[in-house]
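Scope of the values below: all heavy atoms of this structure, side chains included, with no hydrogens, waters or symmetry mates. Read the numbers this way: they start at 1 and go in the same order the structure lists the ligands and their atoms.
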Amino acid sequence: MNDTVAAFDDWIRTDFIELNSELERRYRQQQDRANVVGVGDEVKAQLEAVGCEHTKLLLAQGNTDEGFEQAFDLLGNVGLYLAACRRHGLSDPDNDRTSPQAEASALAMHIAASIGVVPRFATAHLCTHNRAVNGHYKRFTNLAAEQCFIDYNSKGILAFKRAAEALLKVLSLGISHPISLNLFDAAKHALEEVYHSNDTLFTQLDPDDFFYGVRPYYKPHHVGSQVYRGANAGDFAGINVIDMLLGLCKANEPAYGRMLVEKFLYMMPQEQRILRDCMRQQSLMTEFLEVAPKQHHSRWYQQHLQAFLKLCQLHGEIANQHHQQLVQRYIVQPAAQMEQQHLQQLTASGPQLAGLLQSLTDLRDRRAGYQRDDIVTSYRELSLLRRTLGED
Ligand code: HEM
(Lines give C-alpha, C1' and ligand atoms only; values in the text may rest on other atoms or scores of the structure.)
Protein backbone atom coordinates (compact mmCIF):
# COMPACT_ATOMS: atom_id res chain seq x y z
CA MET A 1 0.00 0.00 0.00
CA ASN A 2 1.59 3.34 -0.98
CA ASP A 3 1.68 6.27 1.50
CA THR A 4 -1.28 8.18 0.01
CA VAL A 5 -3.49 5.09 0.05
CA ALA A 6 -2.31 4.21 3.56
CA ALA A 7 -3.04 7.73 4.88
CA PHE A 8 -6.60 7.60 3.52
CA ASP A 9 -7.13 4.10 4.94
CA ASP A 10 -5.87 5.28 8.31
CA TRP A 11 -8.26 8.26 8.26
CA ILE A 12 -11.22 5.99 7.37
CA ARG A 13 -10.36 3.69 10.27
CA THR A 14 -10.01 6.50 12.83
CA ASP A 15 -11.21 10.14 12.45
CA PHE A 16 -13.87 9.24 9.89
CA ILE A 17 -15.54 6.89 12.41
CA GLU A 18 -15.25 9.50 15.17
CA LEU A 19 -16.83 12.24 13.02
CA ASN A 20 -19.73 10.03 11.93
CA SER A 21 -20.28 8.86 15.51
CA GLU A 22 -20.29 12.44 16.79
CA LEU A 23 -22.92 13.38 14.20
CA GLU A 24 -25.03 10.34 15.11
CA ARG A 25 -24.85 11.40 18.78
CA ARG A 26 -26.20 14.85 17.87
CA TYR A 27 -28.98 13.54 15.58
CA ARG A 28 -30.06 11.17 18.33
CA GLN A 29 -30.59 14.01 20.81
CA GLN A 30 -33.33 15.55 18.69
CA GLN A 31 -37.05 15.03 18.99
CA ASP A 32 -37.07 14.08 15.30
CA ARG A 33 -34.16 11.62 15.10
CA ALA A 34 -34.37 11.50 11.29
CA ASN A 35 -33.50 15.18 10.84
CA VAL A 36 -29.94 16.00 9.73
CA VAL A 37 -30.49 19.58 8.55
CA GLY A 38 -28.71 22.27 10.57
CA VAL A 39 -27.09 19.77 12.95
CA GLY A 40 -23.31 19.54 13.44
CA ASP A 41 -22.50 21.66 10.40
CA GLU A 42 -18.86 22.21 11.46
CA VAL A 43 -18.37 18.44 11.94
CA LYS A 44 -19.90 17.74 8.52
CA ALA A 45 -17.68 20.38 6.90
CA GLN A 46 -14.59 18.78 8.45
CA LEU A 47 -15.62 15.32 7.25
CA GLU A 48 -16.23 16.53 3.71
CA ALA A 49 -13.05 18.64 3.50
CA VAL A 50 -10.61 16.06 4.87
CA GLY A 51 -12.09 13.31 2.67
CA CYS A 52 -11.83 15.65 -0.30
CA GLU A 53 -8.13 16.33 0.38
CA HIS A 54 -7.36 12.60 0.48
CA THR A 55 -9.32 11.82 -2.68
CA LYS A 56 -7.73 14.75 -4.57
CA LEU A 57 -4.25 13.40 -3.86
CA LEU A 58 -5.26 9.89 -4.83
CA LEU A 59 -6.88 11.06 -8.04
CA ALA A 60 -3.76 13.00 -9.02
CA GLN A 61 -1.63 9.94 -8.33
CA GLY A 62 -3.58 7.92 -10.93
CA ASN A 63 -3.53 4.17 -11.40
CA THR A 64 -0.76 2.74 -9.26
CA ASP A 65 -1.69 -0.83 -10.27
CA GLU A 66 -1.06 -2.55 -6.99
CA GLY A 67 -3.44 -5.34 -7.95
CA PHE A 68 -7.13 -6.10 -7.65
CA GLU A 69 -7.32 -6.46 -3.86
CA GLN A 70 -5.74 -3.04 -3.27
CA ALA A 71 -7.92 -1.35 -5.87
CA PHE A 72 -11.10 -2.94 -4.48
CA ASP A 73 -10.14 -1.92 -0.96
CA LEU A 74 -9.43 1.67 -2.00
CA LEU A 75 -12.77 1.80 -3.83
CA GLY A 76 -14.40 0.69 -0.56
CA ASN A 77 -12.79 3.60 1.29
CA VAL A 78 -13.93 6.17 -1.29
CA GLY A 79 -17.35 4.50 -1.22
CA LEU A 80 -17.64 4.77 2.55
CA TYR A 81 -16.77 8.47 2.30
CA LEU A 82 -19.39 9.11 -0.42
CA ALA A 83 -22.05 7.16 1.49
CA ALA A 84 -21.31 9.14 4.66
CA CYS A 85 -21.65 12.42 2.72
CA ARG A 86 -25.05 11.20 1.51
CA ARG A 87 -26.07 10.19 5.02
CA HIS A 88 -25.29 13.64 6.40
CA GLY A 89 -27.07 15.50 3.61
CA LEU A 90 -23.80 16.64 1.95
CA SER A 91 -25.22 15.14 -1.22
CA ASP A 92 -28.85 14.45 -2.07
CA PRO A 93 -30.02 12.88 -5.34
CA ASP A 94 -33.37 14.67 -4.97
CA ASN A 95 -31.69 18.06 -5.25
CA ASP A 96 -28.35 17.54 -7.02
CA ARG A 97 -27.80 16.84 -10.70
CA THR A 98 -24.38 15.38 -10.06
CA SER A 99 -22.36 14.45 -7.00
CA PRO A 100 -20.97 17.48 -5.13
CA GLN A 101 -17.99 15.27 -4.22
CA ALA A 102 -16.43 15.59 -7.69
CA GLU A 103 -12.92 14.29 -6.87
CA ALA A 104 -14.15 11.29 -4.89
CA SER A 105 -16.60 10.47 -7.70
CA ALA A 106 -13.88 10.65 -10.35
CA LEU A 107 -11.61 8.44 -8.26
CA ALA A 108 -14.40 5.90 -7.61
CA MET A 109 -15.30 5.78 -11.31
CA HIS A 110 -11.67 5.30 -12.37
CA ILE A 111 -11.10 2.39 -9.99
CA ALA A 112 -14.52 0.78 -10.53
CA ALA A 113 -14.24 0.80 -14.33
CA SER A 114 -10.78 -0.75 -14.12
CA ILE A 115 -11.95 -3.71 -11.99
CA GLY A 116 -15.51 -4.21 -13.31
CA VAL A 117 -17.80 -3.22 -10.43
CA VAL A 118 -20.08 -0.29 -9.52
CA PRO A 119 -18.27 2.90 -8.33
CA ARG A 120 -19.62 2.80 -4.77
CA PHE A 121 -19.10 0.74 -1.64
CA ALA A 122 -20.73 -2.69 -1.84
CA THR A 123 -21.68 -5.24 0.80
CA ALA A 124 -18.39 -7.09 0.31
CA HIS A 125 -16.47 -3.99 1.46
CA LEU A 126 -18.11 -4.12 4.87
CA CYS A 127 -18.82 -7.82 5.27
CA THR A 128 -16.71 -10.42 3.50
CA HIS A 129 -13.71 -8.31 2.38
CA ASN A 130 -13.21 -6.00 5.33
CA ARG A 131 -9.75 -6.57 6.77
CA ALA A 132 -9.49 -6.08 10.52
CA VAL A 133 -6.48 -4.33 12.04
CA ASN A 134 -5.89 -5.32 15.67
CA GLY A 135 -9.41 -6.68 15.91
CA HIS A 136 -11.14 -3.66 14.39
CA TYR A 137 -12.65 -3.74 10.92
CA LYS A 138 -13.86 -0.76 8.88
CA ARG A 139 -17.21 0.74 9.82
CA PHE A 140 -19.03 4.04 9.56
CA THR A 141 -19.52 4.56 13.29
CA ASN A 142 -18.71 3.02 16.65
CA LEU A 143 -22.40 2.33 17.33
CA ALA A 144 -23.10 -1.12 18.78
CA ALA A 145 -26.07 -1.47 16.39
CA GLU A 146 -23.79 -1.09 13.38
CA GLN A 147 -21.36 -3.74 14.59
CA CYS A 148 -24.24 -6.11 15.35
CA PHE A 149 -25.72 -5.55 11.87
CA ILE A 150 -22.40 -6.09 10.05
CA ASP A 151 -21.43 -9.13 12.14
CA TYR A 152 -24.70 -10.95 11.49
CA ASN A 153 -24.86 -9.94 7.84
CA SER A 154 -21.35 -11.39 7.44
CA LYS A 155 -22.29 -14.60 9.25
CA GLY A 156 -25.42 -15.04 7.14
CA ILE A 157 -23.61 -14.35 3.87
CA LEU A 158 -20.73 -16.74 4.67
CA ALA A 159 -23.15 -19.52 5.63
CA PHE A 160 -25.23 -19.00 2.46
CA LYS A 161 -21.99 -19.23 0.47
CA ARG A 162 -21.13 -22.57 2.14
CA ALA A 163 -24.56 -23.95 1.21
CA ALA A 164 -24.12 -22.75 -2.39
CA GLU A 165 -20.64 -24.32 -2.66
CA ALA A 166 -21.99 -27.69 -1.50
CA LEU A 167 -24.82 -27.59 -4.06
CA LEU A 168 -22.44 -26.62 -6.87
CA LYS A 169 -20.39 -29.75 -6.09
CA VAL A 170 -23.52 -31.92 -6.52
CA LEU A 171 -23.71 -30.67 -10.11
CA SER A 172 -20.55 -32.53 -11.11
CA LEU A 173 -21.43 -35.71 -9.19
CA GLY A 174 -25.11 -36.02 -10.08
CA ILE A 175 -28.03 -36.35 -7.63
CA SER A 176 -27.70 -40.15 -7.33
CA HIS A 177 -24.00 -40.13 -6.31
CA PRO A 178 -23.63 -41.42 -2.73
CA ILE A 179 -21.50 -38.40 -1.80
CA SER A 180 -24.26 -36.03 -2.91
CA LEU A 181 -26.12 -37.01 0.24
CA ASN A 182 -23.20 -35.68 2.31
CA LEU A 183 -23.26 -32.50 0.26
CA PHE A 184 -27.01 -32.06 0.84
CA ASP A 185 -26.28 -32.52 4.53
CA ALA A 186 -23.51 -29.88 4.46
CA ALA A 187 -25.90 -27.46 2.72
CA LYS A 188 -28.56 -28.17 5.35
CA HIS A 189 -26.16 -27.35 8.20
CA ALA A 190 -25.14 -24.13 6.48
CA LEU A 191 -28.76 -23.03 5.94
CA GLU A 192 -29.61 -23.87 9.54
CA GLU A 193 -26.76 -21.59 10.52
CA VAL A 194 -28.23 -18.74 8.45
CA TYR A 195 -31.57 -19.25 10.19
CA HIS A 196 -30.06 -19.19 13.70
CA SER A 197 -27.81 -16.24 12.90
CA ASN A 198 -30.78 -14.19 11.58
CA ASP A 199 -32.73 -15.15 14.67
CA THR A 200 -29.95 -13.87 16.94
CA LEU A 201 -29.76 -10.64 14.94
CA PHE A 202 -33.50 -10.24 15.46
CA THR A 203 -33.15 -10.55 19.24
CA GLN A 204 -30.03 -8.37 19.57
CA LEU A 205 -30.41 -5.45 17.14
CA ASP A 206 -32.26 -2.42 18.45
CA PRO A 207 -34.85 -1.39 15.81
CA ASP A 208 -34.59 2.38 16.31
CA ASP A 209 -30.79 2.43 16.52
CA PHE A 210 -30.65 0.48 13.27
CA PHE A 211 -33.30 2.52 11.51
CA TYR A 212 -31.98 5.95 12.46
CA GLY A 213 -28.24 5.33 12.84
CA VAL A 214 -27.22 2.47 10.51
CA ARG A 215 -29.67 2.22 7.58
CA PRO A 216 -29.12 5.83 6.37
CA TYR A 217 -25.55 4.97 5.31
CA TYR A 218 -27.04 2.52 2.77
CA LYS A 219 -29.10 5.07 0.83
CA PRO A 220 -28.78 5.49 -2.94
CA HIS A 221 -26.46 8.34 -3.96
CA HIS A 222 -24.79 9.99 -6.91
CA VAL A 223 -21.36 9.05 -8.16
CA GLY A 224 -20.66 11.56 -10.90
CA SER A 225 -23.96 12.10 -12.66
CA GLN A 226 -25.48 8.68 -12.01
CA VAL A 227 -27.38 7.50 -8.93
CA TYR A 228 -26.37 4.08 -7.59
CA ARG A 229 -28.57 2.09 -5.24
CA GLY A 230 -27.38 1.18 -1.77
CA ALA A 231 -25.62 -2.04 -0.85
CA ASN A 232 -27.69 -4.92 0.48
CA ALA A 233 -26.91 -8.28 2.04
CA GLY A 234 -28.02 -10.04 -1.15
CA ASP A 235 -25.12 -8.72 -3.25
CA PHE A 236 -23.26 -12.03 -3.53
CA ALA A 237 -23.81 -14.98 -5.88
CA GLY A 238 -24.54 -17.71 -3.32
CA ILE A 239 -28.13 -16.75 -2.54
CA ASN A 240 -29.12 -16.98 -6.22
CA VAL A 241 -27.02 -20.11 -6.77
CA ILE A 242 -29.17 -21.77 -4.07
CA ASP A 243 -32.38 -20.36 -5.61
CA MET A 244 -31.55 -21.67 -9.07
CA LEU A 245 -29.89 -25.00 -8.23
CA LEU A 246 -32.79 -25.95 -5.98
CA GLY A 247 -35.02 -24.96 -8.91
CA LEU A 248 -37.11 -22.54 -6.83
CA CYS A 249 -36.25 -19.51 -9.00
CA LYS A 250 -35.54 -19.46 -12.71
CA ALA A 251 -33.18 -17.14 -14.56
CA ASN A 252 -35.50 -17.15 -17.59
CA GLU A 253 -38.40 -15.75 -15.57
CA PRO A 254 -38.48 -12.01 -16.48
CA ALA A 255 -38.66 -10.43 -13.00
CA TYR A 256 -36.08 -12.75 -11.46
CA GLY A 257 -33.80 -12.47 -14.49
CA ARG A 258 -34.03 -8.67 -14.30
CA MET A 259 -32.97 -8.76 -10.66
CA LEU A 260 -29.94 -10.89 -11.54
CA VAL A 261 -28.87 -8.55 -14.33
CA GLU A 262 -29.26 -5.54 -12.04
CA LYS A 263 -27.08 -6.97 -9.29
CA PHE A 264 -24.09 -8.18 -11.34
CA LEU A 265 -21.91 -5.10 -10.95
CA TYR A 266 -22.65 -4.86 -7.21
CA MET A 267 -20.78 -8.13 -6.78
CA MET A 268 -17.05 -8.83 -6.90
CA PRO A 269 -15.85 -10.19 -10.29
CA GLN A 270 -15.32 -13.71 -8.90
CA GLU A 271 -18.94 -13.69 -7.65
CA GLN A 272 -20.12 -12.47 -11.06
CA ARG A 273 -18.41 -15.47 -12.67
CA ILE A 274 -20.04 -17.93 -10.27
CA LEU A 275 -23.49 -16.50 -10.96
CA ARG A 276 -22.97 -16.44 -14.73
CA ASP A 277 -21.88 -20.11 -14.74
CA CYS A 278 -24.79 -21.13 -12.56
CA MET A 279 -27.30 -19.44 -14.88
CA ARG A 280 -26.31 -21.95 -17.58
CA GLN A 281 -26.90 -25.06 -15.43
CA GLN A 282 -29.91 -27.31 -15.14
CA SER A 283 -31.44 -27.31 -11.65
CA LEU A 284 -31.22 -30.27 -9.28
CA MET A 285 -35.03 -30.18 -9.06
CA THR A 286 -35.20 -30.81 -12.81
CA GLU A 287 -32.83 -33.77 -12.37
CA PHE A 288 -35.13 -35.28 -9.72
CA LEU A 289 -38.22 -34.68 -11.89
CA GLU A 290 -36.56 -36.35 -14.88
CA VAL A 291 -35.65 -39.55 -13.02
CA ALA A 292 -38.76 -39.71 -10.80
CA PRO A 293 -40.94 -41.91 -13.09
CA LYS A 294 -38.38 -44.74 -13.22
CA GLN A 295 -36.41 -44.27 -10.00
CA HIS A 296 -38.94 -43.34 -7.34
CA HIS A 297 -38.81 -46.90 -5.89
CA SER A 298 -35.02 -46.77 -5.49
CA ARG A 299 -33.55 -46.39 -2.06
CA TRP A 300 -31.10 -43.71 -3.20
CA TYR A 301 -33.96 -41.68 -4.73
CA GLN A 302 -36.02 -41.72 -1.55
CA GLN A 303 -33.08 -40.75 0.67
CA HIS A 304 -31.67 -38.08 -1.60
CA LEU A 305 -35.04 -36.55 -2.45
CA GLN A 306 -35.92 -36.28 1.23
CA ALA A 307 -32.66 -34.41 1.86
CA PHE A 308 -33.26 -32.20 -1.18
CA LEU A 309 -36.82 -31.30 -0.14
CA LYS A 310 -35.56 -30.45 3.35
CA LEU A 311 -33.23 -27.90 1.73
CA CYS A 312 -36.12 -26.37 -0.23
CA GLN A 313 -38.12 -26.12 3.00
CA LEU A 314 -35.25 -24.45 4.87
CA HIS A 315 -34.58 -21.96 2.07
CA GLY A 316 -38.25 -20.96 2.13
CA GLU A 317 -38.23 -20.62 5.92
CA ILE A 318 -35.21 -18.30 5.79
CA ALA A 319 -36.89 -16.13 3.15
CA ASN A 320 -39.97 -15.96 5.32
CA GLN A 321 -37.91 -15.08 8.38
CA HIS A 322 -36.14 -12.27 6.50
CA HIS A 323 -39.51 -10.96 5.37
CA GLN A 324 -41.62 -11.39 8.51
CA GLN A 325 -38.97 -10.55 11.07
CA LEU A 326 -36.08 -8.47 9.72
CA VAL A 327 -37.84 -6.37 7.08
CA GLN A 328 -40.98 -5.90 9.21
CA ARG A 329 -39.26 -4.97 12.46
CA TYR A 330 -36.37 -2.92 11.12
CA ILE A 331 -37.91 -1.17 8.10
CA VAL A 332 -41.70 -1.37 7.92
CA GLN A 333 -42.58 -0.68 11.55
CA PRO A 334 -40.16 2.24 12.18
CA ALA A 335 -41.10 3.70 8.78
CA ALA A 336 -44.74 3.77 9.83
CA GLN A 337 -43.73 6.00 12.73
CA MET A 338 -41.33 8.25 10.87
CA GLU A 339 -42.35 11.75 9.98
CA GLN A 340 -43.77 11.93 6.46
CA GLN A 341 -41.13 14.34 5.10
CA HIS A 342 -38.34 11.78 5.56
CA LEU A 343 -40.13 8.89 3.87
CA GLN A 344 -38.64 9.29 0.42
CA GLN A 345 -35.76 6.99 -0.52
CA LEU A 346 -36.12 4.90 2.52
CA THR A 347 -34.66 1.70 1.17
CA ALA A 348 -31.30 0.78 -0.24
CA SER A 349 -32.64 0.41 -3.77
CA GLY A 350 -34.66 3.58 -3.77
CA PRO A 351 -38.14 2.45 -4.89
CA GLN A 352 -41.11 3.28 -2.72
CA LEU A 353 -41.50 0.97 0.24
CA ALA A 354 -44.69 -0.68 -1.09
CA GLY A 355 -42.99 -1.59 -4.38
CA LEU A 356 -39.95 -2.95 -2.58
CA LEU A 357 -42.11 -5.04 -0.26
CA GLN A 358 -43.96 -6.49 -3.23
CA SER A 359 -40.73 -7.61 -4.91
CA LEU A 360 -39.47 -9.08 -1.62
CA THR A 361 -42.83 -10.87 -1.19
CA ASP A 362 -42.52 -12.33 -4.70
CA LEU A 363 -39.01 -13.55 -3.91
CA ARG A 364 -40.20 -15.10 -0.66
CA ASP A 365 -43.08 -16.86 -2.43
CA ARG A 366 -40.77 -18.30 -5.08
CA ARG A 367 -38.33 -19.55 -2.46
CA ALA A 368 -41.10 -21.05 -0.35
CA GLY A 369 -42.76 -22.56 -3.44
CA TYR A 370 -46.12 -21.02 -2.57
CA GLN A 371 -49.01 -21.27 -5.01
CA ARG A 372 -49.30 -18.04 -7.01
CA ASP A 373 -51.22 -17.39 -10.22
CA ASP A 374 -49.41 -14.21 -11.25
CA ILE A 375 -45.76 -15.30 -10.98
CA VAL A 376 -43.93 -18.55 -11.66
CA THR A 377 -43.27 -20.61 -8.53
CA SER A 378 -42.30 -24.27 -8.15
CA TYR A 379 -45.49 -25.16 -6.26
CA ARG A 380 -46.57 -27.77 -8.82
CA GLU A 381 -43.14 -29.38 -9.16
CA LEU A 382 -42.62 -29.54 -5.40
CA SER A 383 -46.06 -31.16 -4.92
CA LEU A 384 -45.22 -33.68 -7.59
CA LEU A 385 -41.91 -34.61 -5.97
CA ARG A 386 -43.47 -34.77 -2.49
CA ARG A 387 -46.02 -37.27 -3.79
CA THR A 388 -43.19 -39.61 -4.85
CA LEU A 389 -41.77 -39.72 -1.31
CA GLY A 390 -42.51 -42.86 0.70
CA GLU A 391 -43.15 -44.92 -2.45
CA ASP A 392 -40.24 -47.34 -2.08
C1 HEM B 1 -32.31 -7.55 0.64
C2 HEM B 1 -33.75 -5.68 4.85
C3 HEM B 1 -30.54 -8.52 7.11
C4 HEM B 1 -30.24 -11.19 3.12
C5 HEM B 1 -32.93 -6.75 1.57
C6 HEM B 1 -33.78 -5.64 1.28
C7 HEM B 1 -34.20 -5.12 2.46
C8 HEM B 1 -33.61 -5.89 3.51
C9 HEM B 1 -35.15 -3.93 2.68
C10 HEM B 1 -34.12 -5.12 -0.10
C11 HEM B 1 -32.98 -4.21 -0.48
C12 HEM B 1 -33.40 -2.99 -1.22
O13 HEM B 1 -33.69 -1.96 -0.60
O14 HEM B 1 -33.41 -3.08 -2.44
C15 HEM B 1 -32.97 -6.27 5.82
C16 HEM B 1 -32.94 -5.86 7.20
C17 HEM B 1 -32.03 -6.65 7.85
C18 HEM B 1 -31.50 -7.56 6.86
C19 HEM B 1 -33.78 -4.75 7.77
C20 HEM B 1 -31.60 -6.66 9.28
C21 HEM B 1 -31.83 -5.69 10.13
C22 HEM B 1 -30.20 -9.52 6.24
C23 HEM B 1 -29.37 -10.65 6.55
C24 HEM B 1 -29.31 -11.42 5.46
C25 HEM B 1 -30.08 -10.76 4.42
C26 HEM B 1 -28.70 -10.91 7.90
C27 HEM B 1 -28.58 -12.73 5.35
C28 HEM B 1 -27.51 -12.86 4.69
C29 HEM B 1 -30.76 -10.42 2.10
C30 HEM B 1 -30.76 -10.80 0.70
C31 HEM B 1 -31.32 -9.73 0.00
C32 HEM B 1 -31.69 -8.74 0.97
C33 HEM B 1 -30.25 -12.12 0.16
C34 HEM B 1 -31.48 -9.56 -1.54
C35 HEM B 1 -32.82 -9.87 -1.98
C36 HEM B 1 -32.97 -11.36 -1.94
O37 HEM B 1 -32.36 -12.05 -2.77
O38 HEM B 1 -33.72 -11.82 -1.05
N39 HEM B 1 -32.83 -6.90 2.93
N40 HEM B 1 -32.09 -7.31 5.66
N41 HEM B 1 -30.60 -9.60 4.94
N42 HEM B 1 -31.33 -9.18 2.22
FE43 HEM B 1 -31.77 -8.28 3.93
Side-chain angles (χ1 to χ4, degrees), residues 122-124 126-128 143 145-164 190-220 227-244 246 248-249 251 255-260 262-264 266-267 271 275 314-335 344-368:
T123 301
L126 282 177
C127 291
T128 50
L143 299 179
E146 190 191 359
Q147 177 163 3
C148 178
F149 180 67
I150 297 179
D151 283 352
Y152 286 98
N153 269 268
S154 307
K155 278 184 188 223
I157 292 169
L158 290 172
F160 266 136
K161 282 185 173 200
R162 281 200 295 282
L191 289 183
E192 281 169 348
E193 230 180 291
V194 178
Y195 191 88
H196 293 310
S197 161
N198 284 357
D199 209 41
T200 313
L201 175 63
F202 183 70
T203 55
Q204 295 196 350
L205 182 64
D206 180 88
D208 280 352
D209 287 349
F210 170 76
F211 189 75
Y212 291 106
V214 180
R215 175 201 55 84
Y217 290 93
Y218 293 77
K219 286 179 178 182
V227 176
Y228 291 87
R229 72 156 169 83
N232 75 53
D235 293 338
F236 66 104
I239 180 78
N240 308 103
V241 168
I242 301 169
D243 287 345
M244 290 189 284
L246 291 182
L248 298 169
C249 302
Y256 189 78
R258 217 171 27 247
M259 189 195 76
L260 295 184
E262 183 274 333
K263 76 187 266 184
F264 262 99
Y266 286 79
M267 300 188 300
E271 294 285 303
L275 188 53
L314 268 170
H315 197 48
E317 283 170 4
I318 293 168
N320 209 30
Q321 174 194 47
H322 181 266
H323 202 59
Q324 298 295 341
Q325 296 192 336
L326 301 179
V327 177
Q328 269 298 321
R329 183 175 201 207
Y330 296 101
I331 306 268
V332 178
Q333 288 168 12
Q344 275 177 336
Q345 298 207 340
L346 185 66
T347 61
S349 58
Q352 294 298 317
L353 189 54
L356 174 87
L357 287 177
Q358 187 54 55
S359 56
L360 286 175
T361 306
D362 290 351
L363 261 179
R364 189 270 316 267
D365 291 357
R366 287 189 195 100
R367 287 179 180 145

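Interatomic distance, CG of D235 versus CZ of F264, reported as 12.0 Å (0.5 Å rounding).
In the vicinity of I239, heavy-atom distances shorter than 4.0 Å reach the ligand 1 atoms 33 (C). Close contacts between ligand 1 and N232 involve ligand atoms 1 (C), 11 (C), 14 (O), 31 (C), 32 (C), 34 (C) [criterion: under 4.0 Å to a heavy atom]. Here is the list of ligand 1 atoms found below 4.0 Å of a heavy atom in L363: 35 (C), 36 (C), 37 (O), 38 (O). Atom numbering of ligand 1 starts at 1 in the shown order; those under 4.0 Å from a heavy atom of I331 are 19 (C). Near L205, with a cut-off below 4.0 Å to any heavy atom, the atoms of ligand 1 are 21 (C). Per-residue contacts place G156 under 4.0 angstrom from the following atoms of ligand 1 (heavy atoms of the residue considered): 28 (C). Annotation for ligand 1: atoms under 4.0 Å from non-hydrogen atoms of Y330 are 19 (C), 21 (C). Shown in contact with I157 at under 4.0 Å from a heavy atom are these atoms of ligand 1, numbered in order with element: 28 (C).
The cationic group of R329 lies under 6.0 Å from the six-membered ring centre of F202 and within 45° of the ring axis, placing it in a cation-pi geometry. A cation-pi arrangement is absent between R215 and Y218, since the terminal nitrogen or guanidinium carbon is not both under 6.0 Å from the aromatic centre and inside a 45° cone about the axis.
When heavy-atom distances to ligand 1 are checked against a 4.0 Å cut-off, D235 has no atom that comes that close, whether in backbone or side chain. Contacts between L356 and ligand 1, counted as non-hydrogen atom pairs separated by less than 4.0 Å, involve the side chain only.
Considering backbone and side-chain N/O of R367, one or more are found under 3.5 Å from N/O of ligand 1. Residue H322 places at least one N or O, backbone or side chain, under 3.5 Å from an N or O of ligand 1.
Screening I242, D243, I239, D362 against C249 for a side chain to side chain contact (heavy atoms under 4.5 Å, CB included) leaves a single residue, D243.
The two residues L126 and I150 come nearest to each other via the heavy atoms O-CG2, 3.3 Å.
For Y330 and F211, the distance between ring centers is not under 6.0 angstrom.
Side-chain contact annotation: Y256 with N240, donor-acceptor N/O pair under 3.5 Å present.
Classification of the H315-F160 ring pair by plane angle, with boundaries at 30° and 60°, yields perpendicular.
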